A.B. asks: 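Can you keep this structure in mind? I'll have questions shortly.
In what follows, chains are A, B, ... by sequence order, proteins preceding strands, each numbered from 1. Keep in mind the model is a prediction, meaning the values are calculated, not measured.
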Amino acid sequence: MADLKCFDVAIIGAGPAGMSAALECCRNDLSVVVFDEQGRAGGQIFRQPPPPSVQVNSPACRLYPFGEVLVRKAEAESRIDWRFRQTVWGIFPDEDRIRVCTNKTTVLARKTLVATGAYEMPVAFPGWTLPGVMGVGAIQTLLRSQNVLLGRRFVLAGSHPLLVLVADMLLAAGAEIQEVAIARSRPRFREILDGLLAVPGNIPIFKETASSLYKLTKARVSIRFGRIMVEARGNEEGLSHVTLSDCDRDWIPSGAHRVFETDILGTGFGLLPSTELCRQIGCAAQWDSRNGGWIVKHDGFQRTTVRNVYVAGEPAGIRGAASARTEGELAGLMILQDLIPQRRDDRLIRRNLSQTKRNRKFSDRVAQFFQPSMRALSDLASDGTVICRCEDVKRSAVAEFLERNSHATSINSVKLACRTGMGFCQGRYCHHTLAQILSNATNQPVERCGEFTARVPVKPIPARDLSDV
Amino acid sequence: MPETVDCLVVGGGLLGSALAYYLVCSGSTACLVEKDQLNQHASGRNAGSLHFQLEYRMIEHGLDAAKKAAEALPLHLDAAREWSVLSTRIGESIGVLQSGGMMLAETSEQALLLERKTELERSYGLENRMLSSDEIHQRAPYLSSAIVAAALCPLEGRANPRGATLAFATVAEEFGARIRAGIAVTGMKQQRGRWRTSLSDGSEILARKVAIAAGSWSARIAAMAGIALPVVPIGLMMAATVRVAPFIKHLIQHAGRRLSLNQSAEGTILIGGGWPARLHETGGVYDLDLPPEILPSSIQGNLHAAVSVVPRVGEIPVLRIWSGATLLVADQLPLVGALPRRSDLFIATGGSAFTLGPTYARVLASKILEKPVDLDVSRFDPGRFVSLNNA
Ligand SMILES: Cc1cc2nc3c(=O)[nH]c(=O)nc-3n(C[C@H](O)[C@H](O)[C@H](O)COP(=O)(O)OP(=O)(O)OC[C@H]3O[C@@H](n4cnc5c(N)ncnc54)[C@H](O)[C@@H]3O)c2cc1C
Ligand SMILES: Cc1cc2nc3c(=O)[nH]c(=O)nc-3n(C[C@H](O)[C@H](O)[C@H](O)COP(=O)(O)OP(=O)(O)OC[C@H]3O[C@@H](n4cnc5c(N)ncnc54)[C@H](O)[C@@H]3O)c2cc1C
């Protein structure tokens, strides 16, 4: 392990947070390396088609005009050492540096920024593991980066604004949208007004959403509030039917059912932060039910509780692309001043902080407006529903374990005994469902149930790649 | 009024849970107190390997050290019998499979050491024999061709560490043991022939006897009673792969490297063997409540050893690497029995105490219940450290 290359800054994730931080650090002559699993910069929202295509085609750039500028600037910045298609599987303290290990290489960095974004929250309900049931983000990603339309007829169900944007995209691509079911009840005028008042600076987003809604309505797509999916049916070949049910204000299915014969069910209930790299090295996490559940704690200046490790973007709270960008910039400024105290620039930091505050005001509103009812979602799973699809563990197995082991109150105990969360996805798919089930069964708040311990490697890595780090 | 019991068991790992089971089975009243969750620490973090032959760490310092370690072999022989009947005895599945364990050699020196070792083990009555090179690759075609010799101990194998402790606890509870998780023992003092123990929830328990089953925390509990123990905690790491169709039949160990490897019933390959993880320290004192820090050098070393012995492992994705702590006794031999100068305070610890856990629990229960012990454990009496406790 002799002579590892050492950088001033290592950044993990080339989304808006990572790109902004990288540019900020580079502008100030720090040596920067950026790792991303993807083939190009952009992250989830500004994801681009793989090279050689040069187009920055994300429709999200209409929502966030800064996106295109950011991606272009980043791609043009040759002083940054871009390492695409590499998975960072662990970061470790190494004296006064951080050792960053990927499936291809190991580097040292004086400061490390974790900007790993978020992933879609899956919901376990009868039939959710059938081919053809998927997240709306996945539908969007396939359409956007590979031009793949997965079926002809679509039902979309959820609560997240992404639902409407994806419906619009699908429509434009020639799909038939049978219904967009939104679990929350129809917003009252007052709520919409409050939302608009929080908006200054975010007008494009509302305009875009409104325009999508308008297009959907014009195409006579049925958009229903107070509806939720309760069952999907089909076989190994794929989905055939989806049952939607009316639901009450708490999203408890109540009334009439309606069955659709369909090809694809897209669900969109929100995002969960990718915090595992931070937690694996020991950064403290905190519970924030509005902004994604367990998020990485920081000091307001993006410094985590572990020395030399910073966080920005979704792992620090699901707040959207605008916040990710300003947080990334702030992380860059703080890294600069922590490395070279003479270069501290209070004016820029203050400007950034007030921008961050404005973004938060907006994202808090959004979060409140679309916050999923986790309890109702976890109750969609029946006894026979698989909770952990990697290890094929049914809800009934967990219930039986809890009944026989009344001493078990932590999610990690359930994991160890029942194998929920021990599979290939490392718990990303079942964590939130299991936590809610445990919380209901043990009568304790969900945050008391804890979180699966994050372990290296944070993604599965062949043993050989770990044996020669 | 504080709760009154015959025996208070401190710690809900394998030892504590099995002990509670044996105590209530004999009609005694027992309360088990666990500061975290049952099976959360070493007992739920190990590989479940059932080690009966002497391990690498016992032979790496030469034959004389091995002879000393071999004094514990009677316990290993007992444990081999014990595991084979446990599932039937307690009526719960604990995933025992005794399909044989091989210790491998890649050089002629290692082969020679293995030979001496098996002689020593056989002198204690443990079945263990050298395999010819042909026989090795016929029995275990998955091993690298670099393996030139191996010792095969047919009794070795594995049990399920995710389930064994809970199985004991469940049955113990059904038989009347009280189990209190999420509560720590914070102090104890002797009072009119009883131990008055205080718990972190503010309550107290009056117990005639107390058993320390606190794993790496054991010395801290003994210290509450004013007794010093010559033990040190060490941190270890383990890795687990994704599930693959079964192809590794044996428990695999190595005579010249730190490596132990087995494939669980679910298909996960568990890789360990003594690679260090760093214990956290605050002001010179180990902080045992934080999981030991995983070291990149150990990850590399352990997986390198695994891949060079079972090459196919190289392609298999590793899913998680974790750490845990276990306890070493100064003279490398177990501690089983009453503490020096405290006839009503008991302990069992040391060595591969997953393997030895059920044996420790049965023997300790007999001692606590003042019944004859069916195994000579005088060699392991904590009283041998009385000189540390002269007061
Ligand atoms: C599927 C999906 C679709 C979305 N679509 C929209 C949308 O249309 N509109 C919208 O407003 N918001 C959308 N979002 C929300 C969006 O994630 C945020 O608004 C924004 O992209 C967050 O920026 P970020 O920099 O924090 O993270 P991201 O943009 O998510 O960037 C994180 C990057 O880190 C990389 N990464 C993660 N872990 C590792 C690792 N271990 N090793 C190497 N690289 C790693 C990822 O490949 C990714 O490129 C979507 C989110 C998802 C998950
Ligand atoms: C990584 C690793 C791999 C291993 N592999 C193997 C193997 O393959 N085979 C083998 O035979 N052995 C193995 N071992 C050793 C084996 O796991 C341990 O020796 C054994 O599990 C010890 O069991 P225990 O019940 O004594 O301790 P533990 O399982 O640690 O239980 C002790 C319990 O006491 C509790 N406690 C502590 N203080 C208090 C207090 N004040 N109040 C209340 N409760 C308290 C703790 O919270 C803990 O739950 C391994 C160990 C490690 C760490």
A.B. asks: Compare all side-chain heavy atoms of A:Arg419 with those of B:Arg243 and state whether any distance is below 4.5 angstrom.
C.D. replies: yes
A.B. asks: What closest approach, in Å, do A:Gly423 and B:Leu319 show between heavy atoms, and which atom pair accounts for it?
C.D. replies: O-CD1, 3.5 Å
A.B. asks: Are more than 12 heavy atoms from other residues, nucleotides or ligands located less than 6.0 Å from atom NZ of A:Lys5?
C.D. replies: no
A.B. asks: Working to the nearest 0.5 Å, report the span between OG of B:Ser323 and CZ of A:Arg455.
C.D. replies: 7.0 Å
A.B. asks: Take atom CZ of A:Arg448 as the centre, draw a 6.0 Å sphere, and report whether it contains more than 12 heavy atoms from other residues, nucleotides or ligands.
C.D. replies: no
A.B. asks: Using a 6.0 Å cut-off, check whether atom CD of A:Gln444 has over 12 heavy atoms from anything other than its own residue.
C.D. replies: yes
A.B. asks: Tell me if a side-chain donor or acceptor on B:Arg162 pairs with a main-chain N or O of A:Leu416 at a distance below 3.5 Å.
C.D. replies: yes
A.B. asks: For a quick test of reading the model, state the closest non-hydrogen atom pair linking A:Ala417 to B:Leu166 and the distance between them.
C.D. replies: CB-CD1, 3.8 Å
A.B. asks: Between A:Arg404 and B:Glu173, is the closest basic N to carboxylate O distance under 4.0 Å?
C.D. replies: no
A.B. asks: Within the supplied structure, the quantity of interest is the number of heavy atoms (other residues, nucleotides, ligands) at a distance under 6.0 Å from B:Arg89 CZ; does it exceed 12?
C.D. replies: yes
A.B. asks: Is there side-chain contact between B:Gln37 and A:His407, with heavy atoms separated by less than 4.5 Å?
C.D. replies: no
A.B. asks: So, taking the atom named OG1 in A:Thr409 and the one named CG in B:Asp36, what distance separates them when rounded to the nearest 0.5 Å?
C.D. replies: 10.0 Å
A.B. asks: In terms of heavy-atom pairs under 4.5 Å, which option from B:Leu295, B:Leu38, B:Val313, B:Val242 contacts chain A the most?
C.D. replies: B:Leu38
A.B. asks: How long is the gap from CZ on A:Phe92 to CD1 on B:Ile294, to the nearest 0.5 Å?
C.D. replies: 7.0 Å
A.B. asks: Determine the minimum heavy-atom distance between B:Gly314 and A:Pro462, stating which atoms define it.
C.D. replies: O-CB, 3.6 Å
A.B. asks: So which of B:Asn302, B:Thr170, B:Ile271 has the largest heavy-atom pair count under 4.5 angstrom toward chain A?
C.D. replies: B:Thr170
A.B. asks: When rounded to the nearest 0.5 angstrom, what distance separates CG in B:Asn39 from CG in A:Asn405?
C.D. replies: 10.0 Å
A.B. asks: Could you tell me which portion of A:Phe424 (side chain, backbone, both or neither) has an atom closer than 4.5 angstrom to a non-hydrogen atom of chain B?
C.D. replies: both
A.B. asks: Output the distance between atom CD1 (B:Ile299) and atom SG (A:Cys101), rounded to the nearest 0.5 Å.
C.D. replies: 7.0 Å
A.B. asks: Would you check if B:Glu293 and A:Pro93 make a side-chain contact, meaning some heavy-atom pair closer than 4.5 Å?
C.D. replies: yes
A.B. asks: Side chain, backbone, both or neither: which part of B:Glu315 has a non-hydrogen atom closer than 4.5 Å to chain A?
C.D. replies: both
A.B. asks: Does any backbone or side-chain atom of A:Glu391 lie under 4.5 Å from a heavy atom of chain B? Answer side chain, backbone, both or neither.
C.D. replies: both
A.B. asks: Any chance OH of A:Tyr429 has more than 12 other-residue heavy atoms, nucleotides or ligands included, within less than 6.0 Å?
C.D. replies: no
A.B. asks: So for B:Thr268, is it side chain, backbone, both, or neither that comes closer than 4.5 Å to the heavy atoms of chain A?
C.D. replies: side chain
A.B. asks: Is the shortest heavy-atom distance from the side chain of B:Glu266 to the side chain of A:Met422 under 4.5 Å?
C.D. replies: no
A.B. asks: Given the options A:Ser413, A:Ser410, A:Cys418, which has more heavy-atom pairs under 4.5 Å with chain B than any of the others?
C.D. replies: A:Ser410
A.B. asks: Show the numbers, then the answer: is there a side-chain contact (heavy atoms from CB on, under 4.5 Å) between A:Leu466 and B:Ile321?
C.D. replies: CA-CA 11 Å; A:Leu466 299 179; B:Ile321 294 172; 4.2 Å; yes
A.B. asks: Under a 4.5 Å heavy-atom cutoff, which of B:Glu174, B:Glu34, B:Glu92 has the most pairs with chain A?
C.D. replies: B:Glu92
A.B. asks: Using a cut-off of under 4.5 Å for heavy-atom pairs, which of B:Arg320, B:Arg45, B:Gln40 has the most such pairs with chain A?
C.D. replies: B:Arg320
A.B. asks: Looking at A:Glu95, I'd like to know if its CD atom is crowded, meaning that more than 12 non-hydrogen atoms belonging to other residues, nucleotides or ligands lie closer than 6.0 Å.
C.D. replies: no
A.B. asks: Given heavy-atom pairs under 4.5 angstrom as the criterion, report whether the side chain, backbone, both or neither of B:Thr241 touches chain A.
C.D. replies: neither
A.B. asks: Which atoms of B:Val307 are under 4.5 Å from chain A, going by heavy atoms: the side chain, the backbone, both sets, or neither?
C.D. replies: side chain
